[in-house]
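Reading through the structure tokens given below for one structure.
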Amino acid sequence: MNEMTANHADSDARADLISYLDFHVEAGIDAALDERPHDRFAEAEAVQAAAPRAEPAPRREPPPRREAPPGEDAPLEFRRELPSRDPPPREPPRTYGNAAGAKPGEAADDARARAAQMQTLEELEALLRGFEGCTLRFTAKNLVFADGNPQARVMFVGEAPGADEDRIGKPFMGRSGQLLDRMMAAIGLDRTSAYISNVVPWRPPGNRNPTPQEISICRPFVERQIELANPDILVCLGAPATQTLTGTKDGILKARGRFYPYRLSDGREIRALATLHPAYLLRQPVQKRLAWRDFRMLKTALDGSAPGK
Ligand code: URA
């Protein structure tokens, strides 16, 4: 084989390989699996063990509660003042590097200490962009931090991004998101009057469930996000969000349709409503009647606690 023929053969083989991979991506295969089982819990623990210990973070006062500006007309009554243009973080966000010594579980404490220092949602997002203490960030394409209006009175929290959200970098962009949009529209909400996030801000590979370790590392971030967004009502979409944020161990069919107290770090208590996840409703459309009941409860609660009532 002369050199030119060999180059052709190489580029044909490369093109074949790319089209073979394309075929699999088109078919929905988006994570490479091995014939050997992997202990993902042990892998997550190894990363956590490599995280440096946190200096105890000084506790800062929570942001003052914002009041709705007077004189807004009806469609805007769900809004608060415009997002503040806060200064960038005072300290550059520190990442979980490679200093050894932290035990599994300390990464979550470290995450909590760092999250507590963030004074704005922009700072928190910047911290997460540099955060390396959760292995999911290495397989995800994008951080999925939030969508919607951070000044809104209601905040929806789902479980973790899927493929569409990972590609776009915003939560609830796929079929579940379209259903969530329709459910919100049924009670007069949209992404200008609701804030939307997830317990875990990176897509678990192959859409597997996040592990308890991954949830425990990400939880301080979503909790700080809730404090900084400061909604009146939190809506937990599905069992993982409900169990993580309310502490209930009940399954979602038992937990849904109830308001749980949710305590912020300033001691203030807001209400968290548990409801069914839109992805579950896509699989079990007959259960939409239960979700509708929950959304009516949400509307009643929002109307009852509207500014000026
Ligand atoms: N499911 C979730 O829980 N969150 C998303 O962002 C998308 C689907």
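For ligands, and for the atoms within them, numbers begin at 1 and follow the listed sequence. Computation of the quantities below employed the complete heavy-atom set of this structure, encompassing side-chain atoms and omitting hydrogens, waters and symmetry-equivalent molecules. Note that the numbering runs from 1 along the sequence shown for the chain.
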For this session: Would you check if there is a donor-acceptor pair between the side chains of R153 and S305 at a distance under 3.5 Å?
Result: yes
For this session: Name the closest protein heavy atom to atom 4 (N) of ligand 1, giving the residue it belongs to and the distance to 0.1 Å.
Result: N198 OD1, 2.8 Å
For this session: Please determine, by modelled atom types, if Q225 and Y195 share a side-chain donor-acceptor pair under 3.5 angstrom.
Result: yes
For this session: Would you mind checking which non-hydrogen protein atom is closest to atom 2 (C) of ligand 1, with the distance to 0.1 Å?
Result: A160 O, 3.1 Å
Exercise. Any nitrogen or oxygen of S176, main chain or side chain, under 3.5 Å from a nitrogen or oxygen of ligand 1?
Worked result: no
Problem set entry | N-O pairing of R112 and D109 below 4.0 Å | no
Exercise. Going by the atom numbers of ligand 1, which of them fall below 4.0 Å from some non-hydrogen atom of G158?
Worked result: 3 (O)
Exercise. Side-chain heavy atoms under 4.5 angstrom apart, residues restricted to Ile, Leu, Val, Met, Phe, Trp, Tyr: same cluster for I215 and F145?
Worked result: yes
For this session: Any atoms of ligand 1 less than 4.0 Å from a non-hydrogen atom of P171? List them with their elements.
Result: 6 (O)
For this session: Return yes when M173 approaches ligand 1 closer than 4.0 angstrom through a heavy atom, no otherwise.
Result: no
For this session: Report, in ascending order of atom number, the atoms of ligand 1 lying under 4.0 Å from any heavy atom of H277.
Result: 1 (N), 2 (C), 3 (O)
Exercise. Would one find an N or O of F172, backbone or side chain, under 3.5 Å from an N or O of ligand 1?
Worked result: yes
For this session: Consider only side-chain N and O atoms of Y262 and E269, and report whether a donor and an acceptor are under 3.5 Å apart.
Result: no
Exercise. Should A279 be listed as contacting ligand 1, given a heavy-atom distance under 4.0 Å as the test?
Worked result: no
Problem set entry | Backbone of A241 reached by a side-chain donor or acceptor of T244 within 3.5 Å | no
Exercise. When you check the side-chain N and O atoms of R203 and N142, is any donor under 3.5 Å from an acceptor?
Worked result: no
Problem set entry | Sub-3.5 Å N/O-N/O distance, G162 and ligand 1 | no
For this session: In sequence, state the C-alpha distance, the side-chain angles, and the governing distance for H277 and F156, and then conclude on ring pair (Phe, Tyr, Trp, His ring centres under 6.0 Å).
Result: CA-CA 11 Å; H277 194 288; F156 290 84; over 10 Å; no
Exercise. Is there any N or O on E165 that sits under 3.5 Å from an N or O of ligand 1?
Worked result: no
